[in-house]
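Since the structure comes first, as structure tokens, the remarks are kept for the end.
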Amino acid sequence: MKMKSFAIVALAIMMALPAQAQYGRYGNPRGGYGRTHARSALYTYYGFRLGLNGGTVNSDNAFYDAGSLKSGLNVGFNADILLTPTTPLFFETGLLYTEKGGKKSSGGSKMTYSLNYLEVPLVLKYQLKLDNNIAATPFLGGYLACGVSGKIKNQELRTAENSFSSDNFRRFDGGVRLGCGLMLDLFYVEVGYDAGLANISQDSFDAAHTGTVFANLGINF
């Protein structure tokens, strides 16, 4: 019930944003950023993203240190808002479900750490036009995330425990996001990296941080 209510609120927020679709995905239909003046500053476009993560957990505590990549899913939607009528600079935010974590082999046993989050990207994206329907989009900013599920599994002992507990990891994460995308008319592809700056360890002495490389496909509308 809570997830249904959250989805309704998120949809209402998106519908309230000033979507000026008639200007096209590159600012306006003629390709310029100064020709629509104040109206183009309100231009917003939306997108759907689906892709894969490769995650690690870096910690001072040997038990929680998981430096091998663990694969996971990355799915969600975004909204890109044009910030100025004269420069193709966008602010991107949205909501993603993203599976992070890591894995390792230690003493003959295999351990996997799954850390699944609802994540909000907060990045600046610049559109560098390569052709009428093609643009490169380098981006830099940050993200905020809240852990929603996850397990720490010991394959040898056949044990599993909750990743987000008073003995393991904190739910809140946040850090820096950077990468680059390519817009091909409606279609979009991107690669990037999330560097966790928040200490997610519950330990009073040893810190832990996430690190995640991602590759996404998407559609903009």
Side-chain angles (χ1 to χ4, degrees), residues 3-53 72-100 116-146 148 177-194 212-221:
M3 289 300 294
K4 183 177 180 180
S5 299
F6 183 83
I8 293 173
V9 173
L11 181 60
I13 292 173
M14 287 187 64
M15 293 179 66
L17 289 172
Q20 305 289 335
Q22 66 268 31
Y23 298 126
R25 286 174 297 281
Y26 304 104
N28 64 58
R30 296 176 179 81
Y33 282 91
R35 299 173 186 170
T36 54
H37 301 292
R39 291 188 301 172
S40 67
L42 300 177
Y43 169 69
T44 300
Y45 71 88
Y46 307 100
F48 174 77
R49 302 288 183 259
L50 176 63
L52 294 175
N53 293 334
L73 178 69
N74 193 29
V75 61
F77 66 87
N78 65 283
D80 286 54
I81 305 166
L82 185 64
L83 297 178
T84 167
T86 58
T87 304
L89 182 65
F90 289 77
F91 172 71
E92 179 177 281
T93 187
L95 183 64
L96 301 170
Y97 169 75
T98 180
E99 297 177 344
K100 300 185 177 184
N116 306 323
Y117 296 94
L118 287 179
E119 183 172 284
V120 176
L122 302 165
V123 302
L124 293 177
K125 177 182 288 185
Y126 186 85
Q127 285 189 11
L128 179 61
K129 289 189 65 175
L130 305 178
D131 199 353
N132 286 336
N133 296 315
I134 302 174
T137 59
F139 55 87
L140 175 65
Y143 70 91
L144 298 174
C146 179
V148 293
R177 166 171 289 203
L178 73 162
C180 189
L182 185 66
M183 301 176 70
L184 304 169
D185 197 18
L186 289 174
F187 301 101
Y188 181 78
V189 59
E190 68 178 2
V191 293
Y193 184 74
D194 284 349
T212 309
V213 61
F214 60 88
N216 293 329
L217 297 176
I219 296 177
N220 294 327
F221 52 91

So, Y45 versus F90, ring centres under 6.0 angstrom or not?
->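 They qualify: ring centres under 6.0 Å apart.
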
Quick one: list whatever passes side chain to side chain contact (heavy atoms under 4.5 Å, CB included) with [X], sequence neighbours left out.
{"X": "V213", "value": "Y193"}
{"X": "E190", "value": "R49, F139, Y188, F214, N216"}
{"X": "L122", "value": "F91, T93, V120, L144"}
{"X": "V191", "value": "A215"}

State which residues pass ring pair (Phe, Tyr, Trp, His ring centres under 6.0 Å) with Y117; sequence neighbours excluded, sorted by chain then number.
->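 Y117 satisfies ring pair (Phe, Tyr, Trp, His ring centres under 6.0 Å) with F164 once adjacent residues are dropped.
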
Are the side chains of R177 and E119 in touch, meaning some heavy atoms are under 4.5 Å apart?
->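 Yes, side chains in contact.
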
Give a yes or no answer on whether the side chain of [X] reaches the backbone of [Y] with a donor-acceptor pair at less than 3.5 Å.
{"X": "E99", "Y": "L73", "result": "yes"}
{"X": "T87", "Y": "L89", "result": "no"}
{"X": "T137", "Y": "C180", "result": "no"}

Shortest non-hydrogen contact from [X] toward [Y]:
{"X": "G94", "Y": "P121", "answer": "O-CD, 3.7 Å"}
{"X": "P88", "Y": "L82", "answer": "CA-CD1, 4.1 Å"}
{"X": "D80", "Y": "N78", "answer": "OD1-ND2, 2.5 Å"}

To the nearest 0.5 Å, what is the distance between [atom1] ([X]) and [atom2] ([Y])?
{"X": "N116", "Y": "K100", "atom1": "CG", "atom2": "NZ", "value": "11.0 Å"}
{"X": "N74", "Y": "L50", "atom1": "CG", "atom2": "CG", "value": "8.0 Å"}
{"X": "L217", "Y": "F48", "atom1": "CG", "atom2": "CZ", "value": "10.5 Å"}
{"X": "N133", "Y": "D185", "atom1": "CG", "atom2": "CG", "value": "4.5 Å"}

Residues, nucleotides or ligands: over 12 heavy atoms within 6.0 Å of L128 CG |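 Yes, because the 6.0 Å sphere around CG of L128 holds more than 12 heavy atoms from other groups.
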
Side chain to side chain donor-acceptor pair (under 3.5 Å) between T98 and N53, intermediate numbers included = CA-CA 8 Å; T98 180; N53 293 334; 2.6 Å; yes

Apply salt bridge (Lys or Arg N to Asp or Glu O under 4.0 Å) to E92 and list each qualifying residue two or more places apart in sequence or on a separate chain.
->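 In terms of salt bridge (Lys or Arg N to Asp or Glu O under 4.0 Å), with neighbours along the sequence ignored, E92 is linked to K125.
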
Would you sort out whether L182 and I134 count as a side chain to side chain contact (heavy atoms under 4.5 Å, CB included), showing the intermediate values?
-> CA-CA 7 Å; L182 185 66; I134 302 174; 4.0 Å; yes

